[in-house]
Amino acid sequence: MRQDPLALLPELFLLGGAVATLLTGSFLPRHRQWAARLVAVAALLAAAVATALAFRRDGRSGGTAETVFGAFVLDTPTSATRLVVIASLLLVIGLGVEELAGQVRESETYALLLLGGLGAVVLAATDDLLVLAVGFLLSSVPLYALVGMSRAAGAAEAALKTYLLGALSGIFLLLGATVLYGIAGSTAYPELGAGLAGAPAAAVAVGAVGVLAGLLFKAGGVPLHFWVPDATQGAGTAAAAFLTTVPKVGALVAAVRLVDVLPDSLPWPLLLGVLAAATMTLGNLAALAQTDARRLLGWSTVSQVGYLLMPVAVVGAGAGAVPALLTYLAGYAVTNLTAFAVLAARPGARSLADFRGLGRRHPALATALVVGLLSLVGTPPTAVFIGKLTVFTAAWDGGLAWLVVIAAVNTVVSLFYYLRWLVEAFRPGDGGNGDPSAPWATGAAVAGAVGVLAVGLGAGAVTALAGG
Amino acid sequence: MLSLIIFLPLAVAAVLAVVPVPDRVARWSWIGATVADLALVVWLCAAYESPAGSGLAFEQQVRWIPTVDSSYHVGVDGLSLPLLALTAVVFAACAVYGLREQHRPRALVALFLALQTTCLGLFAAQDLILFFVFFDLSIVGMYAAIAGWGTGRNAGRSALQFFLYTFLGSLALLLGFIGLFLAADPHTFDIPTLVAAAPLADAPVAGGFVLAALLVGLAIKTPTVPFHTWLPPAHTDASAIGSAVLAAVLLKMGTYGFVRIAMPVLPDAWQAAAWVVIAVGILSALYGALVALAQTDVKRMIAYTSINHMGYVVLAVGAAGLAGSGTAARELAVTGAVTQMVSHGLTTGALFLLAGVLHDRTGSYAMRDFGGLARTGPVFAGLFGVAAFASLGIPAFSGFVAEFQVFAGSVGATAWAAIALPGILITAALFLRAVQLMLAGAPGGRSIGFTDVRAVEVVPVVTLLALSLAIGVAPWPLLDLIAPAAEAVVGLVSR
């Protein structure tokens, strides 16, 4: 067994960065907290370089997976998750500069963001149920704090809701892990797959459903999605951007690893397909009625998880599922953060009507919003279009053609509410006019929009990376 | 060279979107860009030599998404080159007509130039994903054109309906494309490769489903009955140039998809579905004509005649799938179908621009508001009369050449096609009625004080009608271009 700490260099940078950020922040007066931000960004950049080097090493070794410390897989999904999480955290910090600068808990927020990101990477990279449980806690605890840190009216309620649902899901996850360990005699996935092969279907079902419930909570999928819209609306914009992006990445990659080793004694593709259909449909239908931009985006992320669950459902059926999931995740992350960056640049705009006149007064922001929302719809040549294309193809190839049809219909439904927002943005008006200019958030929005188009147009490179 | 033609308008649009040039400069750079693009297309036509079989000219292929074997693959043949030329002509005409546009001209110019790129790209695309990219972007562009510059009171609502309806169609199309991709071995989105492989030839059920998805997607865009309900409100509420582009170019994307993708890639399924397609074509032709006859709003009337004219195209491509009947007749039908696409683009484009003149002067499209326009606006009346006759298929104009071939070919393939013939008669009646109501008699209603057409309105309309006349008088250059490609398509669909 390889025990090389250097293989986990990106994770070490995230952990060390979080500690260093916290320490830096503790010794600085409030108006000099920007130094803590610099420390966090430096740690993220170092982690990004380490990830890129690891990617190159993967390329040389022919893309074969390698396990270190008996629980941590180094393969394409891990590398891709690291990259997406790190890039997302950089965007989150960028879009949050105006919101967080000078706040009481600025450095703590950065530290929590880094720890939450680390938790997501651990979730995604592990192939052991015990480490999965640790990753779950590591990514959940910062989440509760981030939601509750806002002073806004709904924040306390949202934090409590998130915490209660998270605690419940955590218990499910531990229970499921215990049952699976009891049946298979091991918590490591390779032995788990062998041990579950001949086991009673009912027991396997209880265990797997328990673990999946924990992951569904993190991903924000039906039926454990209730915290997502409340938390998105109640938390600060940076925290909302984080919690709708980073935990999903970790949880979905973790789910795909787990589903891959489950025995076929139960029709997992069908069960997960139904979950995916329910998630996307419920998220879309709920989003239709929203008038608050944050809540609308919250429900929209629920519906996006529905599409993201499609490749998870068919992971056993074809080689295309995992690359499709990674491609969609990368596209979704940059797109979702672009939309949130627009929100961060107009903190006073809460309802959709508050965005009136955006097209006239802030053409750059309006363009970023158009690119972001059209990408969430899945219009080519944007990032989510490539994701949808690969995901639809993988799901159809895996025998879930009916799910692809449902997803296509849902895509049309989603057009309603995204367009409603766009129409408001290009109507004359002066909603949210009192907001000060927010160069960092605007910059993040523009950078995100460029990223959305780059992922869409450079799809060849993205899918090649995702394919290992 | 082909890529330059496709992306030249987009490049100019990008510059105009970013650089805040004066409105005047924006308008003239629109004309400059479209005329330059048109000149390039003319050069392309001059340099074009029919490739052998189902080959392509000016082909270009660049790696894009190799993991799903999708590439930037463009090329032209006898099916796409006439439509590329039509696109360049119609957009240049709109640029001239748009010289008097007062409402945010810079944004309008950028939008229409970007829209032009999507249309040119679609007709040149030889890859399903590339085709889909341009297909979807054209919907987004047209939505913005209707919602942002529409003249009707319900422009936002009509634009939304247009977007949702055609977006639904595009997703059906995407499902069909994914089906084709998965059926091909090795998986590919490349159209020529798929045509050569003809996947799903031995799978009638799967082939039927994939074709159904493609047919729904393309039928919504065309549009055919019963998927046409988005078209009349979209036209009523769009601006004159928006309507002209929508009718003249965007509708052709649907019918072009039939001859480019559905027929050659799924020959067996197409043959099996031929009678359905023929029935839909006949129904669209007759229903479109009858509903047009009942309209009191001149723009809605023109919109419904589009459904009628597109019905002939659908009828012809359906008849081409009747493998048992004579090859010559079916080739004639396909040639007629492509000619009809070009012809309809020219005449309907002219009609919509003229309808825009009416609205510009009086704010009304209602036929009963006018009368005796021949006295107060003689040039307008003359142009409208010529355009109406050209559209109803009078000999010497392109419509006659097209519809004659469509019917000669279709009836040659199946006598049932003759059921659609009364459509021509009804169209003639409704155009004559419109001419009579609006142009003849003593001036009354809003005709009094009508300002006749100005030079910027005459030039584009006369250009479009002159081209229609040229095709009607000397159709052979166009037919020589289309016929080899039509022959290839019929050969492919008869496999």
Side-chain angles (χ1 to χ4, degrees), chain A residues 318-320 323-324 327 359-360 363-364 367 370-371 373-374 377-382 385-386 388-399 401 404-416 418-420 422-424 426-427 456-468, chain B residues 17-18 20 62-72 104 107 118 121 128-141 143-144 147-148 155-157 159-160 163-183 187 189 206 209-210 213 216-217:
Chain A
T327 307
R360 193 63 62 85
T367 310
V370 169
V371 172
L373 293 189
L374 283 182
V377 175
T379 313
T382 55
F385 167 67
I386 300 299
K388 277 197 175 159
L389 177 70
T390 49
V391 161
F392 285 11
T393 307
W396 188 328
D397 207 18
V404 179
V405 174
I406 292 179
V409 173
N410 264 298
T411 304
V412 177
V413 174
S414 73
L415 191 60
F416 272 104
Y418 292 126
L419 266 190
R420 246 184 38 220
L422 283 184
V423 166
E424 291 290 357
F426 284 92
R427 253 188 208 165
L457 292 172
V462 175
T463 50
L465 276 182
Chain B
V18 177
V62 181
R63 269 164 55 98
W64 186 31
I65 320 179
T67 41
V68 291
D69 199 17
S70 173
S71 57
Y72 172 79
R104 302 179 66 194
T118 67
L128 291 178
I129 294 305
L130 195 62
F131 184 94
F132 183 79
V133 167
F134 288 126
F135 193 91
D136 243 21
L137 286 179
S138 77
I139 297 174
V140 176
Y143 167 78
R157 196 184 160 77
L160 183 65
F163 200 155
L164 288 173
Y165 216 138
T166 49
F167 192 72
L168 179 69
S170 81
L171 283 171
L173 203 58
L174 183 64
L175 292 188
F177 288 173
I178 292 176
L180 286 177
F181 169 77
L182 292 174
H187 296 342
F189 280 113
F209 274 112
V210 171
V216 168

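Letters go in sequence order (proteins before strands), and every chain restarts at 1.
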Take atom CZ in A:Arg420; do more than 12 heavy atoms of anything else shown fall under 6.0 Å from it?
yes

For chain A, the option from [options] that forms the most heavy-atom pairs under 4.5 Å:
options: B:Leu164, B:Val140, B:Leu168; result: B:Leu164
options: B:Tyr143, B:Phe181, B:Phe135; result: B:Tyr143
options: B:Ile139, B:Asp136, B:Leu182, B:Leu171; result: B:Leu182

Least distance between heavy atoms, A:Phe392 atom then B:Leu174 atom:
CD2-CD2, 4.5 Å

Do [X] and [Y] touch side chain to side chain, with heavy atoms closer than 4.5 Å?
X: A:Phe385; Y: B:Ile129; result: yes
X: B:Val68; Y: A:Thr463; result: no
X: A:Leu389; Y: B:Phe132; result: no

Heavy-atom cut-off 4.5 Å, strictly under: side chain, backbone, both or neither for A:Val370 against chain B?
neither

So for B:Arg104, is it side chain, backbone, both, or neither that comes closer than 4.5 Å to the heavy atoms of chain A?
side chain

Please classify the contact between B:Tyr165 and chain A as side chain, backbone, both or neither, with a heavy-atom cut-off of under 4.5 Å.
neither

Top of A:Pro380, A:Ala461, A:Gly460 for chain B proximity - count of heavy-atom pairs under 4.5 angstrom
A:Pro380

What's the separation between atom NE2 in B:His187 and atom CG in A:Asp397, rounded to the nearest 0.5 Å?
4.5 Å

Interatomic distance, CZ@B:Phe163 vs OG1@A:Thr379, rounded to 0.5 Å, equals 5.5 Å

